[in-house]
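These notes concern the structure reproduced below.
Values reported hereafter were calculated over all heavy atoms of this structure, with side chains retained and with hydrogens, waters and symmetry mates removed.
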Amino acid sequence: MYISKILPVALILATSALAQAAPLIGINVDASGDSVTDTRFVLSSSYVDAITSAGGIPLLLPPALNPDAVARYAELCDGFLFTGGRDINPSRYGNEMSTYTKLVNPRRENFDFALIDAVLAAKKPILGICLGSQELNVALGGSMIQDLPTETSSTVAHKPGNVENYAHFVEVTTGTKLQDITGTTTLQVNSSHHQACDRLGSGVLVMARAPDGIVESFQVENQPFAMGVQWHPEHLTTAPEHLAVYEALVKAAEKK
C-alpha cells in the first residue's frame, strides 16, 4: 500500500523535472588536419561556457562518418550552435579558390552542411558564429567575399587578432530580432574574420552591418529562430548584450 502511493508521486515529480530541464544545445566541433580520416576534434571552451552561462546544457557533436548521426543529432538536441573556424570551400558557392582562402577540414565541412540542412528542415533553433554564420548563409544559396583586405577597400579592423578585445561598432537595424535581443541599435563587437557574406542566401535578412557595409548579423525568414553573427560574443559574455545572444538561443530551444 505504501509503495503504491509513493510511485505515482515520484512519477509526477520526475515528469515535472523533465519538463523544466534546461534545453540541450548541440555544438559542432572543429577538426584539425586536411584529411577526412586523420583528424583531431577540438573546441574552445568559451562556446561551452557561453551556453552554460545562458542556461543551456551543451552537447558536443563530433562529425561522425555514419550518415545516420546527422539525423539522430537533429532529433536529439533542442537547439544548435555552429562555431567558428577556417574557410568554406568556394566550390560550394560557385567560385574559384582565392590564394587567401584557408580551407576548413573537409570532414567538418561536409558534416556541418548536412547538419544545417537537417536542423533547418526540422525548424529547430540555430545560431551561427563567424564561420558558422557563413555556413548558414551558403547553405541557403549565398556566397562569400573570400578576402576582405584584397577584395574590398574597407579600413575596418575585421581581423585584429584578439577576440577578447573590442574591434569596431556595428549598426543594428531597428525592429530586427537582434535589436530585440541586445536592446540597442549600436553594438561594439570583437572581430576575427577575413571573409564575409557577399550574396545573401534565400530568406536571409540583414540585421547588422559594420561601418564599411559588411554584413555582421542576419536572420532567416520562415524559421522560428535562425540567425548568424560574424563576431564572437562567447568572448564578451561579461557584457549583458553579448550574453543575450546565447540566452536568446537557449530560450528559443526551451521545450514548451
Side-chain angles (χ1 to χ4, degrees), residues 18-31 36-37 39 41-44 46-52 54-86 88-89 92-93 104-142 177 181 197 200-205 217-229 233-234 245-256:
L18 182 62
Q20 298 175 11
L24 196 62
I25 307 298
I27 308 176
N28 70 331
V29 300
D30 202 8
V36 171
T37 55
T39 60
F41 301 140
V42 294
L43 181 73
S44 169
S46 58
Y47 294 110
V48 171
D49 294 342
I51 291 297
T52 302
I57 303 297
L59 179 66
L60 306 193
L61 306 179
L65 295 176
N66 182 348
D68 293 337
V70 168
R72 188 71 181 93
Y73 289 158
E75 178 187 15
L76 175 65
C77 297
D78 304 306
F80 295 84
L81 171 63
F82 284 83
T83 59
R86 298 175 81 178
I88 301 166
N89 192 318
R92 283 192 180 270
Y93 48 88
V104 69
N105 179 280
R107 177 168 176 165
R108 174 187 170 176
E109 180 174 309
N110 292 336
F111 170 81
D112 285 0
F113 278 92
L115 184 57
I116 287 172
D117 287 345
V119 172
L120 291 175
K123 291 191 176 296
K124 288 194 172 183
I126 178 173
L127 171 64
I129 301 294
C130 199
L131 170 62
S133 69
Q134 297 168 2
E135 289 178 323
L136 181 56
N137 181 54
V138 170
L140 292 165
K177 185 184 295 290
I181 291 170
C197 295
L200 297 179
S202 176
V204 172
L205 302 175
S217 181
F218 62 82
Q219 65 187 67
V220 182
E221 289 185 300
N222 301 319
Q223 289 286 332
F225 186 96
M227 61 178 283
V229 299
E234 68 277 2
V245 173
Y246 285 97
E247 289 175 331
L249 170 65
V250 172
K251 183 177 180 180
E254 289 176 347
K255 294 180 179 179
K256 306 302 181 184

Does [X] reach the side chain of [Y], with side-chain heavy atoms less than 4.5 Å apart?
{"X": "Leu140", "Y": "Leu120", "value": "yes"}
{"X": "Leu127", "Y": "Met227", "value": "yes"}
{"X": "Pro63", "Y": "Val29", "value": "yes"}
{"X": "Asp112", "Y": "Ile88", "value": "no"}
{"X": "Asn105", "Y": "Phe41", "value": "no"}
{"X": "Val204", "Y": "Leu136", "value": "no"}
{"X": "Arg107", "Y": "Leu65", "value": "yes"}
{"X": "Val229", "Y": "Ser217", "value": "yes"}

Looking at [X] and [Y], what are the two nearest heavy atoms and their distance?
{"X": "Asn28", "Y": "Glu135", "value": "ND2-OE1, 4.5 Å"}
{"X": "Ala64", "Y": "Ala69", "value": "CB-CB, 3.8 Å"}
{"X": "Ser46", "Y": "Glu234", "value": "OG-CG, 3.4 Å"}
{"X": "Val250", "Y": "Ala54", "value": "CG1-O, 3.6 Å"}
{"X": "Gly55", "Y": "Pro23", "value": "O-CD, 4.1 Å"}
{"X": "Leu131", "Y": "Gly85", "value": "CB-N, 3.4 Å"}

[X] side chain to [Y] backbone, donor-acceptor under 3.5 Å:
{"X": "Tyr47", "Y": "Pro58", "value": "no"}
{"X": "Lys123", "Y": "Asn222", "value": "yes"}
{"X": "Lys124", "Y": "Phe80", "value": "no"}
{"X": "Asn137", "Y": "Leu200", "value": "no"}

Inset, instruction - Would you sort out whether Lys177 and Phe225 count as a side chain to side chain contact (heavy atoms under 4.5 Å, CB included), showing the intermediate values? - result: CA-CA 9 Å; Lys177 185 184 295 290; Phe225 186 96; 4.0 Å; yes
Inset, instruction - Answer yes when Asp68 and Arg72 have at least one side-chain N-carboxylate O distance shorter than 4.0 Å, and no when they do not. - result: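 Answer for the salt bridge query: no.
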Legend entry - Candidate list Leu81, Leu76, Asp78, test side-chain contact (heavy atoms from CB on, under 4.5 Å), partner Leu59, passing option: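 So, applying the side-chain contact (heavy atoms from CB on, under 4.5 Å) to Leu59 and each of Leu81, Leu76, Asp78, only Leu76 qualifies.
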Rounded to the nearest 0.5 Å, what's the gap from [atom1] on [X] to [atom2] on [Y]? Could you check?
{"X": "Thr52", "Y": "Ile57", "atom1": "OG1", "atom2": "CD1", "answer": "6.5 Å"}
{"X": "Ser133", "Y": "Ile126", "atom1": "OG", "atom2": "CD1", "answer": "10.5 Å"}
{"X": "Phe82", "Y": "Leu115", "atom1": "CZ", "atom2": "CG", "answer": "3.5 Å"}
{"X": "Ser44", "Y": "Asp49", "atom1": "OG", "atom2": "CG", "answer": "8.0 Å"}
{"X": "Leu60", "Y": "Leu43", "atom1": "CG", "atom2": "CG", "answer": "5.5 Å"}

Inset, instruction - May I have the step-by-step check of side chain to side chain contact (heavy atoms under 4.5 Å, CB included) for Leu249 and Ile51, ending in yes or no? - result: CA-CA 9 Å; Leu249 170 65; Ile51 291 297; 4.0 Å; yes
